[in-house]
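This report concerns only the one structure given below.
Each ligand, and each atom within it, is numbered from 1 in the order the structure gives.
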Amino acid sequence: MTTIGLPRPGIRVSEQMASAVSEGLLSRPKWLPAWLFYDTAGSQLFNQITELPEYYLTRTERSIFSDCSDEMIALAAGGGALRIVELGAGSADKTRLLLNAAVDRQDTVIYEPVDVSASALEEAQERIEREISGVLVMPRVEDYTKGLGLDAAAMGERRLVLYIGSSIGNFEPDEALQLLKNVRAALATGDTILLGVDLVKDKSTLVAAYNDAAGVTAAFNLNMLVRLNRELGADFDLAAFAHRALWNAGRSRMEMHLASSKRQRVHLPALDLKIDFEKGETIHTENSYKYRPGQVEETLSSAGFTPVKTWMDTEKRFAVSLAKAGS
Ligand code: AVJ
């Protein structure tokens, strides 16, 4: 039997984490939110994923930027000055290509990374101001999934919002649309968004990208349980859960799950919870939606943007779409 009671005093847990974990593990099927991946170890594992041979997303998007960033920046600027907002603090190296292109066109570029993590923002600010002269970093500690507040830009200055890396893929289609509508509402007519999305492709390429031979993605997925063990005093037996990656064609998404290899009970003392697992029962940890070519532009249009141009690699693995905030 699964029970829930009052959180045990003595273990400090954020309200957000406590409610997400108890809601998810008391649901059927069980789930945990993908944002839980990104503690310090998980962020390092994600950086390793981006360098794996099977994980084509990061290097494909980077190659699109290295070929086309000048054109992207010119179209976004439209002859004026640009200010660049990034949703998520950005692992910098793709963002750097765009910032360099902007610095080539104007003396100073204001870069506004938006992230919930103040430490991630500090790191990004330090690195970017050191590496690219001419960029002034103005970080914003904000949860952009709950709306976006931007100060008025200077006269004649346009904003370009970067939402790259297929981050939007973690959201359900209706949530993704709402997020883009919120971005539109924070912008002025003529401002632009650059959206990077992963595209539908053959199943074996997709599955390999989320189930690499070196096991880094498996470690990334299992790290969620390591985190719950540490932060909630839970007793997940890591050897009794296995990484699963599967392509859900009907919903056009890659899914990650953790499957229990036996019937077992897990205790989460910080939440005063006991959770039972059947043999083979799974915890759904992530969805990564894959778009059809053309679907990105449709979604942007529905959110109040006018598509300007979409760039893809020659194999049509990944798309970067620029769209203008309509009047
Ligand atoms: C950071 C959400 C784009 O969905 O591909 C990588 C995270 N999950 N491997 C993705 C992830 C498994 C990644 N995003």
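Using a 4.0 Å cut-off between heavy atoms, Glu286 contacts ligand 1 through its side chain alone, with no backbone atom that close. With a 4.0 Å heavy-atom cut-off, ligand 1 is reached by no atom of Trp35. At a 4.0 Å heavy-atom cut-off, ligand 1 touches Phe46 through the side chain alone.
In this structure, Tyr163 and Phe171 have tilted ring planes: the angle between them lies in the 30° to 60° band.
We find that Asp313 and Arg62 are not joined by a salt bridge, their nearest charged nitrogen and carboxylate oxygen being 4.0 Å or further apart. Ionic pairing of Asp198 and Lys290 is present here: one or more N-O contacts between side-chain nitrogen and carboxylate oxygen are shorter than 4.0 angstrom. Checked for salt-bridge contact, Glu281 and Arg263 miss the test: no charged N lies under 4.0 Å from a carboxylate O.
Those atoms of ligand 1 with a heavy atom of Asn170 less than 4.0 angstrom away are 2 (C), 4 (O). Of all atoms in ligand 1, listed by their number and element, those nearer than 4.0 Å to a heavy atom of Gly165 are 3 (C). Residue Ser166 approaches ligand 1 through these ligand atoms, each under 4.0 Å from one of its heavy atoms: 3 (C). If you number the atoms of ligand 1 from 1 as listed, the ones under 4.0 Å from a heavy atom of Tyr210 come out as 4 (O), 5 (O), 8 (N), 9 (N), 10 (C), 12 (C). Atoms of ligand 1 lying under 4.0 Å from any heavy atom of Phe220, numbered from 1 in the order shown and given with element: 8 (N), 12 (C).
When only interatomic distances are considered, the shortest N/O to N/O separation between Thr217 and ligand 1 does not fall below 3.5 Å. Distances between N or O atoms of Tyr38 and those of ligand 1 include no value under 3.5 Å. The shortest N or O to N or O distance between Ser288 and ligand 1 is under 3.5 Å. Residue contacts with ligand 1: Tyr55 is placed with a nitrogen or oxygen under 3.5 Å of a nitrogen or oxygen of the ligand (distance criterion only).
Looking only at atom types and distance, the side chain of Glu255 has no donor-acceptor partner in the side chain of Trp247 under 3.5 Å away.
Judged by distance alone, with hydrogens and angles left aside, the side-chain atoms of Glu142 form no donor-acceptor pair with the main-chain N or O of Val116 at under 3.5 Å. Formation of a donor-acceptor pair under 3.5 Å by the Glu172 side chain with backbone atoms of Asp174 is not found in this model.
Lys30 forms a cation-pi arrangement with Phe277, by the criterion of a distance under 6.0 Å to the ring centre and an angle within 45° of the ring axis.
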